[in-house]
Visitor: 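Okay, handing you the structure first.
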Number of protein chains: 2
Amino acid sequence: MAGNNKLTEEKIFEAATEEFVDKGMDGARMQDIATRAGINKALLHYYFRTKDHLFDAVFEMIARKIMKRFSPVFDENFSFEDKIRFFFREHISFLQENPKLPGFILNEINRNPARIKKLLSSVDFENIWNTFYKQHKEDLLKYNISKETMPQLMISIAAMSVFPFAARGIIEGALMKSGIEFNDFMEERKKFAAEFVISAISK
Amino acid sequence: MAGNNKLTEEKIFEAATEEFVDKGMDGARMQDIATRAGINKALLHYYFRTKDHLFDAVFEMIARKIMKRFSPVFDENFSFEDKIRFFFREHISFLQENPKLPGFILNEINRNPARIKKLLSSVDFENIWNTFYKQHKEDLLKYNISKETMPQLMISIAAMSVFPFAARGIIEGALMKSGIEFNDFMEERKKFAAEFVISAISK
DNA sequence: CGTAAATTTGACCATATGGTTAAACTAATA
DNA sequence: TATTAGTTTAACCATATGGTCAAATTTACG
């Protein structure tokens, strides 16, 4: 029973993850989640009580997954340039495996800003900057990157990997018209974006 | 009466625009639109028939507005570099006036890709590239930008201005923690992004 | 094996939602 | 001014939606 219990709960969780990522909180339907999980709709409430609770659980799992994937950027012992390359390679690879995540996360950011505010309250940006600064003092000086310009750089880096997936519906169509396949484009982007950024800061 | 007719229809359209941009198609409610417009809900159906029709009308108006604002990039007689500067200045200014648009558009791209496909069917990318190439042949050669790398560059440019607004909910909070105000940050970004891109292609 | 606990089912519930309808009201016209 | 055309209202409708509930079924345990 414990085994079966876990199975039903997991089935629900997986189906809910897919349905929420596809359609967002507003567009997802409990009946559709149940159908997707192959279970009776009442079980959603038995295991997770409400749609909100189910969504919260899914969102937190996703947030954790993302954090876990990218924390190495701040720990790895390699150069600043190689960290930029690492980030693009890893980030785009991750998004290739989860292409609908940017759309989902951005939609949720706009739909429910309070959720994000809460998420941020546990992040110590000062400490992150200090750690990063200690690791890369010389490179930061060399590239003329101050604590003030760092946010502009970080957001540009994030933008360049996330945006194509978030806007995939329009970008994919536009690329097709030029005979370019989206996945090839993103594969190529791992290198293009890294070299673009490194070139930009190497003025 | 004709004057009053126009007024009611306009009131609905404006309220619907705000409500759809705030909440998207899935999150917006006809009753809320009516409340926002200060009219009886049945009038939404009298003037626009269905929620879908109302949404279509709003979306088309927004798409037209965006196209109109940025077509000058392809017409103006100034240098390639100045076009990049012009684009960032205009684009970010536009988004500062309409900060919720990126979130709305990206959400709709993901919610209803067919709509975007239809929008794209009327765009002649080949012609746009040819026109652009004719205007900037020397600059494109100078910066080593081929027809193949152009999409990567264009998408990077779009990403760098759109993404901060689309992810405003998280970026604003993160910046606040560093004592930076979002609007100041975006004002500064007009220059930062342009010089970043020009520097990147000037390898 | 019988009993208790846990899980599942299917019918039902209360409210929300997009939409309809006919009467009332207002504006236009002869 | 009476009639017609257009607009607005408020009640209503049909279905969707998230959730409830009690009976049935399955699992666990002594």
Side-chain angles (χ1 to χ4, degrees), chain A residues 1-62 104 107-108 110-112 114-115, chain B residues 1-62 104 107-108 110-112 114-115:
Chain A
M1 192 219 62
N4 219 27
N5 176 5
K6 276 292 172 66
L7 204 60
T8 303
E9 191 172 343
E10 274 182 32
K11 276 201 275 189
I12 294 174
F13 196 83
E14 281 170 19
T17 300
E18 289 170 12
E19 203 68 15
F20 282 136
V21 168
D22 280 351
K23 302 178 185 173
M25 176 63 173
D26 288 336
R29 295 291 174 256
M30 293 298 257
Q31 182 56 64
D32 291 340
I33 291 168
T35 302
R36 204 167 197 164
I39 52 106
N40 183 298
K41 178 165 75 76
L43 289 181
L44 300 180
H45 302 282
Y46 180 76
Y47 282 96
F48 292 92
R49 282 231 313 283
T50 64
K51 189 179 181 180
D52 272 340
H53 284 162
L54 182 55
F55 187 83
D56 286 347
V58 167
F59 195 86
E60 277 182 31
M61 179 276 290
I62 289 171
F104 170 70
N107 185 38
E108 191 54 23
N110 290 299
R111 199 191 70 88
N112 185 359
R115 179 188 301 278
Chain B
M1 190 220 61
N4 218 27
N5 174 4
K6 277 291 171 69
L7 203 60
T8 304
E9 191 173 342
E10 275 182 31
K11 276 201 275 192
I12 293 174
F13 195 83
E14 282 170 18
T17 299
E18 287 169 14
E19 204 67 16
F20 283 135
V21 168
D22 280 351
K23 301 176 189 174
M25 176 63 172
D26 288 337
R29 296 290 173 256
M30 294 298 258
Q31 182 55 64
D32 292 341
I33 292 168
T35 302
R36 204 166 199 168
I39 53 103
N40 183 294
K41 181 166 73 74
L43 288 181
L44 301 180
H45 302 282
Y46 179 76
Y47 283 96
F48 292 93
R49 285 233 309 284
T50 65
K51 189 180 181 181
D52 272 342
H53 283 162
L54 183 54
F55 187 82
D56 286 347
V58 166
F59 194 86
E60 277 182 33
M61 180 275 291
I62 289 172
F104 170 70
N107 185 36
E108 191 53 24
N110 291 299
R111 201 192 65 90
N112 184 0
R115 179 189 299 279

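Convention: sequence-line order gives letters A, B, ...; per-chain numbering from 1.
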Visitor: Mind listing the side-chain donor-acceptor pairs of residues 13-20 of chain B below 3.5 Å, one per line with the distance, residues two or more places apart or on another chain?
Guide:
{"unit_1": "B:Thr17", "atom_1": "OG1", "unit_2": "B:Phe13", "atom_2": "O", "d": "2.8"}
{"unit_1": "B:Glu18", "atom_1": "OE1", "unit_2": "B:Arg36", "atom_2": "NE", "d": "3.1"}
{"unit_1": "B:Glu19", "atom_1": "OE1", "unit_2": "B:Arg36", "atom_2": "NH1", "d": "2.5"}
{"unit_1": "B:Glu19", "atom_1": "OE2", "unit_2": "B:Lys23", "atom_2": "NZ", "d": "2.5"}

Visitor: List in chain and number order the residues that pass side-chain contact (heavy atoms from CB on, under 4.5 Å) with A:His53, two or more places apart in sequence or in another chain; answer none if no residue qualifies.
Guide: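 Residues passing side-chain contact (heavy atoms from CB on, under 4.5 Å) with A:His53: A:Arg49, A:Thr50.
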Visitor: Can you name the residues that form a side-chain contact (heavy atoms from CB on, under 4.5 Å) with A:Asp56, not counting sequence neighbours?
Guide: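 Once residues adjacent in sequence are excluded, the partners of A:Asp56 under the side-chain contact (heavy atoms from CB on, under 4.5 Å) criterion are A:Arg115.
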Visitor: Would one find a side-chain N or O of A:Tyr47 under 4.0 angstrom from OP1 or OP2 of C:dT8?
Guide: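 Yes, A:Tyr47 has a side-chain N/O under 4.0 Å of OP1/OP2 on C:dT8.
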Visitor: With side chain to side chain contact (heavy atoms under 4.5 Å, CB included) as the test, would you mind laying out the steps for A:Leu54 and A:Ile12 before giving the verdict?
Guide: CA-CA 9 Å; A:Leu54 182 55; A:Ile12 294 174; 4.2 Å; yes
Visitor: Who passes side-chain hydrogen bond (donor to acceptor under 3.5 Å, both in side chains) against B:Gln31, sequence neighbours left out?
Guide: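 By the side-chain hydrogen bond (donor to acceptor under 3.5 Å, both in side chains) rule, B:Gln31 matches B:Thr35.
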Visitor: Measure from CD on B:Glu9 to P on D:dT8 and round the result to the nearest Å.
Guide: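 In whole Å, D:dT8 P lies 10 Å from B:Glu9 CD.
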Visitor: Taking five pairs at each end, how big is the angle between the two axes of the helix from C:dC1-D:dG30 to C:dA30-D:dT1, to 10°?
Guide: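 End-to-end axis angle for the helix from C:dC1-D:dG30 to C:dA30-D:dT1: 0°, rounded to 10°.
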Visitor: For the pair made of CG in B:Leu43 and P in C:dA24, what is the distance, rounded to whole Å?
Guide: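 Interatomic distance, CG of B:Leu43 to P of C:dA24: 18 Å.
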Visitor: For each nucleotide in nucleotides 12-18 of chain D, reading 5' to 3', give B when a protein heavy atom comes within less than 4.0 Å of its base, S when such contact involves only the sugar-phosphate, and - otherwise.
Guide: -----SB
Visitor: With side chain to side chain contact (heavy atoms under 4.5 Å, CB included) as the criterion, how do A:Ile62 and A:Phe104 come out once you've worked through the C-alpha distance, each side chain's angles and the decisive distance to 0.1 Å?
Guide: CA-CA 10 Å; A:Ile62 289 171; A:Phe104 170 70; 3.7 Å; yes
Visitor: Specify the residue among A:Tyr46 and A:Asn40 whose closest nucleotide of DNA chain C lies further upstream toward the 5′ end.
Guide: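 In this pair, the answer is A:Tyr46.
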Visitor: For a side chain to side chain contact (heavy atoms under 4.5 Å, CB included) check, start with the C-alpha distance between B:Asp52 and B:Met25, then their side-chain angles and the critical distance, and finish with the verdict.
Guide: CA-CA 9 Å; B:Asp52 272 342; B:Met25 176 63 172; 3.0 Å; yes
Visitor: Test side chain to side chain contact (heavy atoms under 4.5 Å, CB included) on A:Leu43 and A:Thr8 and set out the steps.
Guide: CA-CA 9 Å; A:Leu43 289 181; A:Thr8 303; 4.0 Å; yes
Visitor: Tell me: CZ of B:Arg49 to C1' of D:dT7, nearest whole Å?
Guide: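 Taking CZ of B:Arg49 and C1' of D:dT7, I get 18 Å after rounding.
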Visitor: Between P on C:dT9 and CG on A:Leu44, what's the gap in Å once rounded to a whole number?
Guide: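 One finds 11 Å between P of C:dT9 and CG of A:Leu44, rounded.
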Visitor: Verify the contact: side-chain N or O of A:Thr8 to OP1 or OP2 of C:dT8, cut-off strictly under 4.0 Å; return yes or no.
Guide: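 For C:dT8, OP1/OP2 do have a side-chain N/O of A:Thr8 under 4.0 Å.
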Visitor: Just how far, in rounded Å, is C1' of D:dG19 from CG of A:Leu54?
Guide: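 After rounding, the reported distance stands at 13 Å.
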